Amino acid sequence: MSARETRALPAPDTNAIAPVPAVAQKRVASVQIIVSPDHQDWSYKVGEKVKFTVRVMADNELLEGVRVAYRVAPDMMPAEAVTAVVPASGLVIDGGTMRTPGFLRCVVTANVGGKNYRGLATAGFEPEKIKPTQTEPEDFDAFWNEGKAELAKIPLDAKRTLLPEYCTSTVNVYHVSFRTVGSAGGRYQSRFYGILCEPKAPGKYPAILRVPGAGVRPYVPVNTSLAERGAITLNVGIHGFPVNLIPEAYDQMRSSTLRGYHLYNLDDKNAYYYRRVYLSCVRANDYLTSLPNWNGKDLVVTGGSQGGQLTIVTSGLDPRVTGCAAQFPAYCDVTGYLHGRAGGWPHMFRPDSETGKNFHAENPLKIETTSYYDAVNFAKRIKAPGHYYWGYNDETCPPTSMHAAYNQIKAPKVLDLALIAGHPIIPEATDAVNAWIVDFLKLPAANL
């Protein structure tokens, strides 16, 4: 560049991180947008007003003068964005109130130093009073009893293969499979696959069925910690193929044949994808209770997200279940969107954010099918004591939907809330879930 040439300077960043130390030209930091309701327990009475305080932090210091955009609306509902500047004391937002039980969420975004950031907080308004929007078919029990009768006619035909590379000094690990239902009417059958962990020492042990979150993936390597404490554990996949294939196999299925599996045959309750899945979870319990080293009395089901859904469903379908531990369960009150409030994953009735349309919601058969598969209708049938966990900031499995199911449970229950948590489980919650299972099954206390 010649002496006479000049280079245009970039426009000043109005949300640059300041102040900048004198020895530097720019300040770079990890930025957090912290949103807090004005009640420490994030809980309010219906009709009570909530205020949210917004702070933008960098290097553990409050950033002053950052321009943010915020939206306040019921859980998962749209709202117009409002812009504001965060003062030194923090930005206080009047969130208003709710006239019915539910959740009010404040979402805040900002671009700081050229990078987008997001924070949120969700206030609960008497969530213990949230009722389902989902209906219950008159033939709900008959429908599932018919399915279980079909399942009972199919031989278990269990197979297992030792996986020496995953065994420990005290636990044997196997790849297992067993026969189960296929399509309705018995025209086809299929197999269910999983990873079994058994204590090597002779004896009788409690059994734990671990049901999976949504997706398509392998199930090895597997956590053997509960088996090492004296429990038989079975981690199952739901898609009807081995769970120890090379990762590329699951990548291909995830992007092709199993993409959007939760919507397959949604307009036919007898052929819907989850029919085989739900009945096969019962078949997994058939397998566990057939093992000669099962103690004959203790059978726990546990899982998160889709696994939380399957935990509630299996516990409601199978009276052999003696305990359950569900984390942020999916498929709870999915019809919420048809009534102007949040529904559970997979959000099949959620209106498009731009058009407001949803073609699933226009099909009565799809709506009817969900009534046979929604976790709220299984929750009321649970007889086993249970441990439940989720966070108020979950945008995959909204708290409105989860409370709609939880409030239907009449069996003894414990709810742990990590208020700030979104969908991923936090380490403290994992510890709490494992501690409940260990205590419930009276396993030796140890760090898990």
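Everything numeric in this text was worked out from a predicted model, so none of it was measured.
A ring-centre distance under 6.0 Å is found for Y273 and Y264.
With contacts defined as side-chain heavy-atom distances shorter than 4.5 Å, the pair P132/N377 does not qualify. By the 4.5 Å heavy-atom criterion applied to side chains, M98 and Y44 are not counted as neighbours. The side-chain heavy atoms of Y166 and V220, taken from C-beta on, include a pair separated by under 4.5 Å. Looking at C167 and L162, their side chains come closer than 4.5 Å, going by heavy atoms from C-beta outward. No side-chain heavy atom of K383 sits under 4.5 Å from any side-chain heavy atom of P319. By the 4.5 Å heavy-atom criterion applied to side chains, P385 and F440 are counted as neighbours. Considering only heavy atoms from C-beta on, I34 stays 4.5 Å or farther from T53 through its side chain. Side-chain atoms of Y261 and M253, non-hydrogen and from C-beta on, never get closer than 4.5 Å to each other.
With values rounded to the nearest 0.5 angstrom, Y174 atom OH is found 10.0 Å from L163 atom CG. Note: I238 CD1 to S280 OG = 9.5 Å, rounded to the nearest 0.5 Å. Rounding to the nearest 0.5 Å gives a distance of 14.5 Å between OG1 of T180 and OH of Y287. Atom CG of N393 is separated from atom CG of L120 by 4.0 Å, given to the nearest 0.5 angstrom. Here the straight-line distance linking atom CZ of F125 with atom CH2 of W42 works out to 13.0 Å at 0.5 Å rounding. A distance of 13.5 Å separates CD in E150 from NZ in K148, rounded to the nearest 0.5 Å.
Within a 6.0 Å radius of CD in E80, other residues, nucleotides and ligands contribute 12 heavy atoms or fewer. Shown here is N60, whose CG atom has no more than 12 heavy atoms of other residues, nucleotides or ligands within 6.0 Å. Counting heavy-atom neighbours within 6.0 Å of E165 CD, excluding the residue itself, gives a total above 12. Within 6.0 Å of CD on E128 lie more than 12 heavy atoms contributed by other residues, nucleotides or ligands. No more than 12 heavy atoms of other residues, nucleotides or ligands lie within 6.0 Å of NZ in K115, so this atom counts as exposed by the packing criterion. Few gaps surround NZ on K200; more than 12 heavy atoms of other groups in view lie less than 6.0 Å from it.
Here the side chain of E126 pairs a donor or acceptor atom with the backbone of V46 at under 3.5 angstrom. No donor-acceptor pair under 3.5 Å is formed between the side chain of E198 and the backbone N or O of N172. Not a single donor-acceptor pair under 3.5 Å links the side chain of D298 to the backbone N or O of L441. With T311 contributing its side chain and G303 its backbone, the two residues share a donor-acceptor pair below 3.5 Å. A donor-acceptor pair is defined here as one N or O able to donate and one able to accept, closer than 3.5 Å; no such pair exists between the side chain of Y337 and the backbone of P351. Side-chain atoms of T400 never come within 3.5 Å of backbone atoms of G102 as a donor-acceptor pair (strictly under, hydrogens ignored). For N265 (side chain) and D268 (main-chain N/O), no donor-acceptor pair under 3.5 Å exists by modelled atom type. With R283 contributing its side chain and R179 its backbone, the two residues share a donor-acceptor pair below 3.5 Å. Judged by distance alone, with hydrogens and angles left aside, the side-chain atoms of D374 form no donor-acceptor pair with the main-chain N or O of E136 at under 3.5 Å. At distances below 3.5 Å, at least one donor-acceptor pair connects side-chain atoms of S190 with backbone N or O atoms of V181.
Of all the heavy atoms in C197 and V171, the pair that sits closest is CB-CG1, 3.9 Å. The nearest pair of heavy atoms linking L443 to R229 is CD2-O, 3.9 Å. Here the closest non-hydrogen pair linking G182 and R276 is O-CB, 4.1 Å. The two residues M348 and L263 come nearest to each other via the heavy atoms CB-CD2, 3.7 Å. Scanning all heavy atoms of the two residues, the minimum distance from A384 to G323 falls at CB-N, 3.6 Å. In this structure, P127 and Y392 approach most closely via the heavy-atom pair CG-OH, 3.9 Å.
By the 30° and 60° cut-offs, the orientation of the rings of F103 relative to H403 is tilted. The aromatic rings of H239 and F241 lie parallel to each other, with less than 30° between the two planes, well short of the 60° mark. Using cut-offs of 30° and 60° for the angle between ring planes, the Y389 and F328 rings count as perpendicular.
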Next on the checklist: side chain to side chain contact (heavy atoms under 4.5 Å, CB included) for N116 and T109? Distances and angles first, verdict last.
Outcome noted: CA-CA 7 Å; N116 294 325; T109 57; over 6 Å; no
Next on the checklist: The test is ring pair (Phe, Tyr, Trp, His ring centres under 6.0 Å); show your working for F140 and F378 and say whether it passes.
Outcome noted: CA-CA 10 Å; F140 182 87; F378 294 90; 5.0 Å; yes
Next on the checklist: If you apply the rule side chain to side chain contact (heavy atoms under 4.5 Å, CB included), what do you find for L196 with L291, and how did you get there?
Outcome noted: CA-CA 11 Å; L196 178 73; L291 297 175; 4.1 Å; yes
Checklist entry - Taking it one step at a time, do F349 and T370 satisfy side chain to side chain contact (heavy atoms under 4.5 Å, CB included)? => result CA-CA 10 Å; F349 300 128; T370 66; 3.8 Å; yes
Checklist entry - Run the side-chain hydrogen bond (donor to acceptor under 3.5 Å, both in side chains) check on Y278 and Q309 step by step: do they pass? => result CA-CA 10 Å; Y278 286 9; Q309 162 195 348; 2.9 Å; yes
Checklist entry - Would V211 and V236 satisfy side chain to side chain contact (heavy atoms under 4.5 Å, CB included), going step by step from the backbone distance to the final call? => result CA-CA 6 Å; V211 281; V236 293; 4.1 Å; yes
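Applying the side chain to side chain contact (heavy atoms under 4.5 Å, CB included) rule to S177 yields the partners K159, R191, Y193; only residues at least two apart in sequence or on another chain are considered.
Inspection of the D139 and Y372 side chains reveals an N or O donor paired with an N or O acceptor under 3.5 Å. With no hydrogens or angles considered, no side-chain donor-acceptor pair links R341 and T133 at under 3.5 Å. Side-chain polar atoms of S401 and D333 form no donor-acceptor pair below 3.5 angstrom. In the model, T224 has a side-chain atom that pairs as donor or acceptor with a side-chain atom of E228 under 3.5 Å.
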Quiz: residues 412-422 side-chain donor-acceptor pairs under 3.5 angstrom, not counting sequence neighbours:
residue: K413; atom: NZ; partner: Y406; partner atom: O; Å: 2.8
residue: K413; atom: NZ; partner: I409; partner atom: O; Å: 3.0
residue: D416; atom: OD2; partner: H387; partner atom: NE2; Å: 2.8

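Ion pairing between D141 and R381 holds under the 4.0 Å rule for side-chain N and carboxylate O. The residues D286 and R320 are annotated as salt-bridged, a charged nitrogen and a carboxylate oxygen being separated by less than 4.0 angstrom.
Note on residues 359-369: no pairs pass side-chain hydrogen bond (donor to acceptor under 3.5 Å, both in side chains), not counting sequence neighbours.
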